[in-house]
Amino acid sequence: MLKSFTQAAADYCAAAKNRTRQGVPRLLILGILAGMFIALAGTAASVGGALAGKIASAAIFPAGLAMVILAGSELFTGNCLFLLPLLRGDITRGRTMGSWAVVYCGNLIGSIVIAFVVVRCGVLDSIAPAAIATAAAKASLPFGAAFLRGVLCNLLVCLAVWMAFCAGSAGGKVISLYGPIFLFVLCGFEHSIANMFYLPAGILLSGGAEVTWLDFLRNLGPVTLGNMAGGCGLGVILYMLYGKSSQ
């Protein structure tokens with residue numbers, strides 16, 4: 001059953017208030033789990049994309065956000081929607097920024113761990129050239145393009161989170177989030193947490209010959225800023241539409 005948008009806004013703000021009050025160790029672990037889930041989806045999407053093309057990759061990747069939401073983990077990009085409860089006064093700026101920082105670090109740890117494991121165990125060996133090419137293409141994006149692709153990506157990711165939150169059942173949540181995530185992958189938009197897997201995997205597979213850790217940081221900076229702009233922008237819009245009326 002679909003919630004009313006005003007009720008969904010109130011419920012989301014109440015949930016965000018509890019989530020930002022969690023201790024640092026718990027937030028970090030939840031962030032690590034989310035990073036692992038996104039990286040595992042990235043692994044499967046890489047294999048599927050190499051075998052059957054970009055549509056297959058886009059069709060597989062939404063499994064990552066489904067795992068994040070249904071398992072209750074914390075994803076930095078989705079949590080950019082916290083601007084909705086921040087503007088309503090349900091959470092403070094300090095708790096919001098602190099939560100973002102801890103979750104971002106957890107996502108980074110989880111993503112790199114999975115990248116290391118899947119490379120070491122040979123899962124990507126058969127598609128190594130394609131995985132390296134993906135990492136190199138991301139690393140070659142100029143700052144402006146990476147930023148704008150990050151904006152568009154997280155507009156869709158936070159829309160997927162919002163739509164999933166409005167759904168009342170597990171099945172409804174998965175169906176709701178699927179479309180926006182499919183679109184962002186198909187269009188080639190940039191997701192900072194996914195890139196925490198794709199670029200390290202390319203670095204490890206190439207031995208740093210084609211993609212370096214400096215390239216990774218150069219991509220991660222503008223993409224993260226773009227993700228924040230897109231997600232927070234949607235948070236402002238939802239506050240203007242539904243947040244005020246639910247106070």
Can you find a pair of side-chain heavy atoms, one from Y242 and one from Y12, that are under 4.5 Å apart? no
Are L183 and I175 linked, directly or through other ILVMFWY residues, by side chains that come within less than 4.5 angstrom of each other? no
Is there a side-chain contact between M196 and L220 (heavy atoms, below 4.5 Å)? yes
Ignoring hydrogens, what is the shortest heavy-atom contact between C153 and N227? Give both atom names and the distance. CB-ND2, 4.2 Å
Answer whether the closest heavy-atom distance between the side chains of V118 and F197 falls below 4.5 Å. yes
Specify the closest pair of heavy atoms between V24 and V102, including all atoms of both residues, with the distance to one decimal. O-CG1, 3.8 Å
Could you check S46 against T134 for side-chain contact (heavy atoms from CB on, under 4.5 Å), going step by step and ending with a plain yes or no? CA-CA 9 Å; S46 296; T134 296; over 6 Å; no
Quick one about K138 and N219 (side-chain donor to acceptor, distance below 3.5 Å, no hydrogens or angles considered), yes or no? no
Could you report the tightest heavy-atom contact between I181 and P62, atom names first, then the distance? CG2-CA, 3.7 Å
Holding to ring pair (Phe, Tyr, Trp, His ring centres under 6.0 Å), I want the full list of residues that pass it with F61, two or more places apart in sequence or in another chain. F184
Hey, what else clusters with L141 if you join Ile, Leu, Val, Met, Phe, Trp, Tyr whenever side-chain heavy atoms sit under 4.5 Å? none
Should M97 and L225 be counted in the same cluster of Ile, Leu, Val, Met, Phe, Trp and Tyr side chains packed under 4.5 Å apart? no
Side chains of I237 and M240 in contact at under 4.5 Å (non-hydrogen atoms): no
Taking all non-hydrogen atoms of both residues, which atom of I132 and which atom of V211 are closest, and how far apart? O-CG2, 4.2 Å
Decide yes or no on side chain to side chain donor-acceptor pair (under 3.5 Å) for T212 and D215, but give the supporting numbers first. CA-CA 5 Å; T212 68; D215 292 330; 3.1 Å; yes
Enter the distance from T77:OG1 to N107:CG here, rounded to the nearest 0.5 Å. 7.0 Å
Describe, in one word, how the ring planes of F147 and F143 are oriented to each other, choosing from parallel (under 30°), tilted (30 to 60°) and perpendicular (over 60°). parallel
Measure the CE-OG distance between M67 and S73 for me, rounded to the nearest 0.5 Å. 9.0 Å
Does any non-hydrogen side-chain atom of F76 lie less than 4.5 Å from one of T224? yes
Has the side chain of S57 got a donor or acceptor atom that lies under 3.5 Å from a matching backbone atom of G48? no
Quick check: do L152 and L156 have side-chain heavy atoms less than 4.5 Å from each other? no
Connected via hydrophobic side-chain network under 4.5 Å: L155 and L148: no
Measuring only between side-chain heavy atoms, which start at C-beta, is V103 closer than 4.5 Å to L30? no
Could you pull out all residues at least two apart from T96 that satisfy side chain to side chain contact (heavy atoms under 4.5 Å, CB included)? F82, L86, I91, W100
L108 backbone acceptor or donor facing S111 side chain under 3.5 Å: no
V223 and S192: which non-hydrogen atoms are nearest, and at how many Å? CG1-N, 3.4 Å
Exceeds 12 heavy-atom contacts within 6.0 angstrom, atom CD1 of I55: no
Does the side chain of L177 reach to within under 4.5 Å of the side chain of V161, using non-hydrogen atoms? no
Any idea which heavy atoms bring P85 and A16 closest together, and the distance? CG-CB, 3.6 Å
